[in-house]
Amino acid sequence: MSDRDNTKEGGRERDIRIEKLARLREMGINPYPYRFQRTHSIEEVRKGEETLLPEEVEIAIAGRIMSARGHGHTSFGNIKDDTGSIQFYIKDADVDEKTWALYKMTDIGDIAGIWGVLFRTRTEELTVKVRKIELLSKAILPLPEKYHGLQDKELRYRRRYVDLIVNDEVMEVFRTRTLIIDTVRDYLRQHNFLEVETPILQPLYGGAMARPFVTHHNTLDMTLYLRIADELYLKRLVVGGMERVFEFCKDFRNEGMDRSHNPEFTMLECYAAYWDYNDMMGFLEEMYARVCEKVLGTTSIKYGEHEIDLAPPWKRLTFFRSLEEKTGVDLTVADVAEIEKVAKKHNIDIGGVTGRGALLDELFSELVEPGLIQPTFITDHPVEISPLAKMHRSTEGLVERFEPYIAGFEVANAFTELNDPIDQRARFEDQVRMRKEGADDMHPIDEDYLRALEHGMPPTGGLGVGIDRMVMLLTDSSSIRDVILFPQMRPEHGREADKD
RNA sequence: GGGCCGCUAGCUCAUCUGGUAGAGCACCUGCCUUUUAAGCAGGUGGUGCUGGGUUCAAGUCCCGGGCGGCUCACCA
């Protein structure tokens, strides 16, 4: 990419604004000064109207000029800060010459500070009558059109800064995202969970079934992987005596991208010693409902077409029972041939699917998953697809696991953690076997993790919650890109931009 | 990866079966002292994503490439 490409952005309007920079400097005005002393945020101005307006208190606010409506000797406009937007009014007779001249040179998009007093216009709009203006940062690129704003999704994702300036609802989504995370964190702390940080760069990846990103450490001259989960590290900490731990974990998975998958995403994982998956189920539904209540003031949400009620208790349905409801067959002890027969009967393409667990999983995602709109815990999965979960206490071939579904999304994943080191080794070895048979996302053996288990891990309940999906549900966003500030994109100018 | 759709002024969009581009907003000039998608008059601004091809002539038709959206597949 050459400089020329950059200079062209904004066209002639950019050139005009650059010329203004020079003219401003000639007037003795620094278009990029160092600080500004605000007296109020715009929200505080609105809240303080009762005293600020009648007493004509001079206020100082700062923000971005969003519009201007000139009328010759006067002008109206709007200025916007972090907390809101307010109208300003400037009249040449009210201000000194220099202020008027400066105002005439400010453009929509500039950052400015304003001193003035409040009044209400004929139409009763609360307005700041300008006494003085200070230019705080000259924008040399114009903002998008005031009415339609920035619509193009590609530009909105690539230039999130502009998206945030002009599309207020985008700012709102990301504020909500933060509120959600804060609320989850509060909930965990109230339950005496300790927040920790574990490695993102891992010599061995694990804790989920996914292909990793691979990188290299020069000094150590070794391959490192970006974590696909922090599960195995958190459980090491449980072994170490941290009885309740959690981490908001940025995970990286080198797989397909679509409406609900970004290569990097945020997962909450938490582990509680002496809990089992039943404890975790109650803990999660309570957490979800509490967060929803905090964010929306209610536990019922609208997501696309659906009205969903998150109030606990959520429906519980075992994995095999859910399949039986759709197929009429209990597959709990069925062998591969039997499962294939059922798949064929339901016209499910099982080409490339190998192994009993994967087959069952395929059946489940085709037949059951799309119909799970109201919150539902799917429980007690087949052991083949759950190498880190403990054997079910009463049914052979199953593990103690649950996955809650909302609006057809899997929103979490949890188990009674496998803490038997001998069994865990056997499960890892099974994974390696399946990997040799062609499944390339199976779990590698982590010897150090096994050693940790050999020191004894208390019975433990573990939970992973997809934070991005939680945000999607609570903000009625149909794409994960709408809840990640900077979603992954190809370079603007194709592969050439990738070169050094 | 497949299918469908899109890419034209800074932004939002037009341009019918091919005849070298147009509007609104923004910007510039002038008028306008309570407007709010302010108004009125005039004006500037284009590598039509990119590279080929067909044609007297391509934004438009054909082929390759790029980026994006939706969707299916893959994938938890």
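A, B, ... follow the sequence lines: proteins, then strands. Residue 1 opens every chain.
At a cut-off of 3.5 angstrom, the base of B/rA76 holds no donor-acceptor pair with the side chain of A/N413.
Comparing atom distances between the A/I108 side chain and each of B/rA26, B/rG68, B/rU12 picks out B/rA26 as nearest. Nearest nucleotide to the A/R158 side chain, out of B/rA76, B/rG68, B/rU33: B/rG68. Among the nucleotides B/rU12, B/rC27, B/rC74, the one closest to the side chain of A/D107 is B/rC27. When distances are taken from the side chain of A/R253 to each of B/rA76, B/rU33, B/rC27, the shortest belongs to B/rA76. If you check B/rC11, B/rC27, B/rA76 against the side chain of A/P144, the one that comes closest is B/rC11.
Backbone-only engagement by A/L155 is indicated by non-hydrogen atom pairs under 4.0 Å involving sugar-phosphate atoms exclusively. Within 4.0 Å (heavy atoms only), A/D92 reaches no atom of the nucleic acid at all. A/G466 comes within contact range of no nucleotide atom at all, as no heavy-atom separation falls under 4.0 Å. Residue contacts for A/E410: at a heavy-atom cut-off of 4.0 Å it reaches a base atom on one of the strands shown.
One P atom belongs to B/rG53, the other to B/rU60, and the distance between them is 14 Å to the nearest Å. A gap of 27 Å separates the C1' atoms of B/rG24 and B/rG19, to the nearest Å. The separation of B/rG46 from B/rA23, taken at their P atoms, amounts to 14 Å, rounded to a whole angstrom. Rounded to the nearest Å, the gap between the C1' atom of B/rC25 and that of B/rA37 is 9 Å. Nucleotides B/rC61 and B/rG18 place their P atoms 8 Å apart, quoted to the nearest Å.
A/R23 places no side-chain N or O within 3.5 Å of a backbone atom of A/M105 that could act as its donor or acceptor partner.
Within the structure, side chain to side chain donor-acceptor pair (under 3.5 Å) pairs that include any residue of residues 315-324 of chain A comprise A/E285-A/R316 (at least two apart or interchain). Listed by first and then second residue, the side chain to side chain donor-acceptor pair (under 3.5 Å) pairs involving residues 111-123 of chain A are A/E49-A/R120, A/T121-A/T123 (not counting sequence neighbours). Applying the salt bridge (charged side-chain N to carboxylate O under 4.0 Å, His left out) test to residues at least two apart or on different chains, the pairs with a partner in residues 79-88 of chain A are A/R38-A/D81, A/K80-A/D168, A/D82-A/R175. Here salt bridge (charged side-chain N to carboxylate O under 4.0 Å, His left out) pairs that include residues 466-475 of chain A, with residues two or more places apart or in two chains, are A/R177-A/D468.
Scanning both residues, A/R64 and A/L143, for their nearest heavy atoms gives CD-CD1, 4.3 Å. For A/L150 against A/R159, the heavy-atom pair with the smallest separation is CD2-O, 4.5 Å. Considering all non-hydrogen atoms of both residues, A/L24 and A/P31 come closest at CD1-CB, 4.3 Å.
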With 3.5 Å as the limit, what N/O pairs link the protein to nucleotides 35-37 of chain B?
from: B/rU35; atom 1: OP1; to: A/R122; atom 2: NH1; distance (Å): 3.2
from: B/rU35; atom 1: O4'; to: A/H71; atom 2: NE2; distance (Å): 3.3
from: B/rU35; atom 1: O2'; to: A/H71; atom 2: NE2; distance (Å): 3.4
from: B/rU35; atom 1: O2; to: A/R69; atom 2: NE; distance (Å): 2.8
from: B/rU35; atom 1: O2; to: A/R69; atom 2: NH2; distance (Å): 3.4
from: B/rU35; atom 1: O2; to: A/Q87; atom 2: OE1; distance (Å): 3.4
from: B/rU35; atom 1: N3; to: A/Q87; atom 2: OE1; distance (Å): 2.8
from: B/rU35; atom 1: N3; to: A/Q87; atom 2: NE2; distance (Å): 2.9
from: B/rU35; atom 1: O4; to: A/Q87; atom 2: NE2; distance (Å): 2.5
from: B/rU35; atom 1: O4; to: A/T121; atom 2: OG1; distance (Å): 3.0
from: B/rU36; atom 1: O4'; to: A/R69; atom 2: NE; distance (Å): 3.2
from: B/rU36; atom 1: O2; to: A/Q87; atom 2: OE1; distance (Å): 3.3
from: B/rU36; atom 1: O2; to: A/E125; atom 2: OE1; distance (Å): 3.3
from: B/rU36; atom 1: N3; to: A/E125; atom 2: OE1; distance (Å): 2.5
from: B/rU36; atom 1: O4; to: A/T123; atom 2: OG1; distance (Å): 2.1
from: B/rU36; atom 1: O4; to: A/E125; atom 2: OE1; distance (Å): 3.4
from: B/rA37; atom 1: O3'; to: A/K146; atom 2: NZ; distance (Å): 3.3

Provide a list of protein-nucleic acid N or O atom pairs under 3.5 angstrom, restricted to nucleotides 43-45 of chain B.
from: B/rU44; atom 1: O2'; to: A/R12; atom 2: NH1; distance (Å): 3.1
from: B/rU44; atom 1: O2'; to: A/R12; atom 2: NH2; distance (Å): 3.2
from: B/rU44; atom 1: O2; to: A/R12; atom 2: NH2; distance (Å): 2.7
from: B/rG45; atom 1: O4'; to: A/R12; atom 2: NE; distance (Å): 3.2

At a cut-off of 3.5 Å, list every protein nitrogen or oxygen paired with a nitrogen or oxygen from nucleotides 70-73 of chain B, distance to 0.1 Å.
from: B/rU71; atom 1: OP2; to: A/R259; atom 2: NH1; distance (Å): 3.4

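The separation between A/I18 atom CD1 and B/rG10 atom P is 14 Å, rounded to whole Å. Look at CG on A/L388: it is 14 Å from C1' on B/rA76, rounded to the nearest Å. Atom CZ in A/R23 sits roughly 14 Å away from atom P in B/rC27 (whole-Å rounding). If you take CG of A/D251 and P of B/rA76, they are 14 Å apart, rounded to a whole angstrom. Atom CD of A/Q151 is separated from atom P of B/rC11 by 13 Å (rounded to the nearest Å). Following rounding to the nearest Å, A/D152 (CG) and B/rC11 (C1') show an atom-to-atom distance of 10 Å.
Every residue two or more places apart in sequence or in another chain that forms a salt bridge (Lys or Arg N to Asp or Glu O under 4.0 Å) with A/K47 is listed here: A/E43. Listed by chain and residue number, A/I29, A/D96 satisfy the side-chain contact (heavy atoms from CB on, under 4.5 Å) test with A/K98 (two or more places apart in sequence, or in another chain).
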Encoded 5' to 3' (Watson-Crick or G-U under 3.5 Å; [ ] crossing; | other strand), RNA chain B becomes (((((((..((((.....[..)))).(((((.......))))).....(((((..]....))))))))))))....
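For the OP1/OP2 pair of B/rC28 and a distance below 4.0 Å, the side-chain nitrogens and oxygens of A/K20 include at least one atom meeting the criterion.
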Only pairs under 3.5 Å count here: list side-chain donor-acceptor contacts from residues 362-372 of chain A, not counting sequence neighbours, and write none if there are none.
from: A/S365; atom 1: OG; to: A/D361; atom 2: O; distance (Å): 2.8
from: A/S365; atom 1: OG; to: A/E362; atom 2: O; distance (Å): 3.4

Report, one line per pair, each donor and acceptor closer than 3.5 Å where one atom sits in a side chain of residues 85-94 of chain A; sequence neighbours left out.
from: A/Q87; atom 1: OE1; to: A/R69; atom 2: NH2; distance (Å): 2.7
from: A/Q87; atom 1: NE2; to: A/T127; atom 2: OG1; distance (Å): 3.0
from: A/D92; atom 1: OD2; to: A/H73; atom 2: ND1; distance (Å): 2.7

message: Pair A/R433, A/D430 - check salt bridge (charged side-chain N to carboxylate O under 4.0 Å, His left out), show working.
response: CA-CA 5 Å; A/R433 209 166 303 129; A/D430 283 342; 2.6 Å; yes
Exercise for the section: Start with the C-alpha gap between A/E145 and A/H148, add the side-chain angles, then the distance that decides, and say whether side-chain hydrogen bond (donor to acceptor under 3.5 Å, both in side chains) holds. Expected result: CA-CA 6 Å; A/E145 195 229 350; A/H148 299 93; 2.6 Å; yes
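Nearest-nucleotide positions on RNA chain B for A/K91 and A/G70 put A/K91 closer to the 5' end.
Inter-residue side-chain proximity for A/M209 and A/P387 is flagged as met; some heavy-atom pair is nearer than 4.5 Å.
Side-chain contact check for A/Y277 and A/D380: at least one donor-acceptor pair (N or O, by modelled atom type) lies under 3.5 Å.
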